[in-house]
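Model, not experiment: these values are computed from the prediction. Note: hydrogens, waters and symmetry copies are ignored here, and every other heavy atom, side chains too, is used. Sequence lines set the chain letters: A, B, ... in the order given, protein chains first and strands last, and positions in each chain run from 1.
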Number of protein chains: 2
Amino acid sequence: MAQVKNNYQFEDMLQKHNLKKTAPRLRVLSMMYSKNTATSQPDLESVMNDIDRVTLYRILNTFEEKGIIHKVFDLNGTANYAVCHSDCKENHHHDEHLHFNCTACKNVYCINELNMPRLTLPAGFEPQAFTLYASGLCPKCSKKGAARVN
Amino acid sequence: MAQVKNNYQFEDMLQKHNLKKTAPRLRVLSMMYSKNTATSQPDLESVMNDIDRVTLYRILNTFEEKGIIHKVFDLNGTANYAVCHSDCKENHHHDEHLHFNCTACKNVYCINELNMPRLTLPAGFEPQAFTLYASGLCPKCSKKGAARVN
DNA sequence: AATACAAATGCAACATTATTGTATTTAGAA
DNA sequence: TTCTAAATACAATAATGTTGCATTTGTATT
Ligand SMILES: [Mn+2]
Ligand SMILES: [Mn+2]
Ligand SMILES: [Zn+2]
Ligand SMILES: [Zn+2]
């Protein structure tokens, strides 16, 4: 599931976005592309504990601005970050897909293969974007039974 | 729009939920019922600045547990609280409605008059609840034109 | 009306998440 | 190799949320 990319490709990505190739950035990219779920800020911070917290925040903000990753708040309000698979451009995201929050393993999945329902709102409301969340059991956790944690 | 309730009714509400009638609780109820939008935690805290922050958190948690209010994270991850209009019971909410986040005035509206679309997810995912957000302009702000803030 | 006690509040301390400013380091261009 | 803008590291501070405990208070009971 996880997008497979090597270090050269990550370097290319940075170059294309006019970002310097630095070790912290490459590590963040590598980590996020190695997973098929979003990465929570706490996770990121504990895994990359040798990188300064502020640097992490700035890397994440930069990547988000550049359209490399998008931020998702899970159902507890925790910030999660996931790679963009849509053709997101600088300051112009197209990540209107469903986010699935597993109640057992807490992972957040981007469900790209599902188009958002366009809804009609009450008069006066002018919606510009929709965000849809679902919570429940992810494939791994539903297999193992509701009791156990992934 | 805002639900009109007087102090006696708030006292009744507390009593029905086996909660003591205290000034902080009544003030929180009064504030939340006077609006037709959700109340952000920062707002609540600045308006009720004479009530201890911890007390506010505890009141909000209690009300949420009792099914009086529900928590909504807006698109910035800020906690907002709104009164429940569905028949929410203790530890059993039914607030599966759309939340509209106005990009101009930042208000969060509960759109109860709209039923959630039941979606089919990829194999393996077992959704238990859906949460739908929309962002854009609310009626007030769309009238005034996109530039101006409410 | 006074008593008694559980519940609620207030206060202090602490934890986590996030932001801002600035000095130092470094990637990449010249 | 040198130079510089960009990026990182470090320090300080803000915002948000939690925990423990002493004090106060609502309400049931006498
Ligand atoms: Mn996503
Ligand atoms: Mn709501
Ligand atoms: Zn799971
Ligand atoms: Zn508005």
Side-chain angles (χ1 to χ4, degrees), chain A residues 7-8 10-31 38-66 68-81 90 106 108, chain B residues 7-8 10-31 38-66 68-81 90 106 108:
Chain A
N7 213 261
Y8 291 111
F10 295 139
E11 291 186 0
D12 278 351
M13 289 185 57
L14 291 178
Q15 195 160 41
K16 271 172 196 150
H17 288 96
N18 296 310
L19 297 173
K20 288 185 179 175
K21 302 167 197 163
T22 66
R25 284 177 176 163
L26 289 169
R27 285 176 59 195
V28 169
L29 281 181
S30 166
M31 161 157 185
T39 310
S40 73
Q41 184 277 330
D43 263 22
L44 203 96
E45 198 173 311
S46 65
V47 171
M48 313 257 175
N49 50 23
D50 53 328
I51 301 178
D52 190 82
R53 283 171 33 76
V54 179
T55 301
L56 280 182
Y57 278 112
R58 293 206 250 239
I59 288 177
L60 292 171
N61 286 338
T62 308
F63 284 2
E64 197 186 6
E65 280 170 14
K66 294 291 186 176
I68 299 174
I69 63 176
H70 58 281
K71 194 200 284 207
V72 193
F73 292 103
D74 67 20
L75 300 170
N76 298 316
T78 305
N80 283 251
Y81 298 88
E90 180 143 6
K106 311 297 179 196
V108 174
Chain B
N7 213 263
Y8 291 111
F10 295 138
E11 292 186 359
D12 279 350
M13 289 184 57
L14 292 178
Q15 196 161 40
K16 273 172 195 150
H17 288 97
N18 297 310
L19 298 173
K20 288 186 180 175
K21 302 166 196 165
T22 66
R25 284 177 176 164
L26 289 169
R27 286 175 59 195
V28 169
L29 281 181
S30 166
M31 161 155 185
T39 309
S40 73
Q41 186 278 329
D43 262 22
L44 204 95
E45 199 173 310
S46 66
V47 171
M48 312 256 175
N49 51 22
D50 52 329
I51 301 179
D52 189 83
R53 281 169 31 77
V54 179
T55 302
L56 279 182
Y57 279 110
R58 294 205 252 238
I59 287 176
L60 292 171
N61 285 337
T62 308
F63 285 1
E64 196 185 6
E65 281 170 11
K66 293 292 186 176
I68 299 174
I69 64 176
H70 57 281
K71 194 200 286 209
V72 194
F73 292 102
D74 67 21
L75 299 171
N76 298 316
T78 306
N80 282 250
Y81 298 88
E90 180 142 6
K106 312 297 179 196
V108 174

Just jot down the salt bridge (Lys or Arg N to Asp or Glu O under 4.0 Å) partners of B:E65, sequence neighbours excluded, or say none. none

Per-nucleotide protein contact string for nucleotides 4-9 of chain C (B base, S sugar-phosphate only, - none; heavy atom under 4.0 Å): --BBSB

From CD of A:Q15 across to P of D:dA6 the rounded distance in Å is 16 Å

Figure out the CG/C1' separation between B:N80 and D:dA15, and round it to whole Å. 15 Å

Classify the side-chain pair A:E11/A:Q15 by whether it contains a donor and acceptor separated by less than 3.5 Å. no

Taken to the nearest whole Å, CG/A:N61 to P/D:dT8 is 12 Å

Quickly work out the A:L56 CG to D:dA7 C1' distance and round it to whole Å. 13 Å

Between B:S40 and B:T78 the two heavy atoms that sit nearest each other are CB-CG2, 4.4 Å

Output the rounded distance in Å from CZ (A:R53) to P (D:dA12). 16 Å

Restricting to salt bridge (Lys or Arg N to Asp or Glu O under 4.0 Å), what partner residues turn up for A:K106, sequence neighbours left out? none

Rounded to whole Å, please give me the gap between CG in A:L29 and C1' in D:dA7. 15 Å

Round to the nearest Å and state the distance from A:L26 atom CG to D:dT8 atom P. 10 Å

Contact summary for A:M13 and A:I68, nearest pair of heavy atoms: CE-CG2, 3.6 Å

Assign A:Q41 to base, sugar-phosphate, or nothing according to its heavy-atom contacts below 4.0 angstrom with the strands shown. sugar-phosphate

Does D:dT30 have a Watson-Crick or wobble mate here (both distances under 3.5 Å), and if so which one? C:dA1

Could you tell me the separation between the OH atom of A:Y57 and the C1' atom of D:dA7, rounded to a whole number of Å? 18 Å

Closest heavy-atom contact between B:T22 and B:L14? N-CD1, 4.3 Å

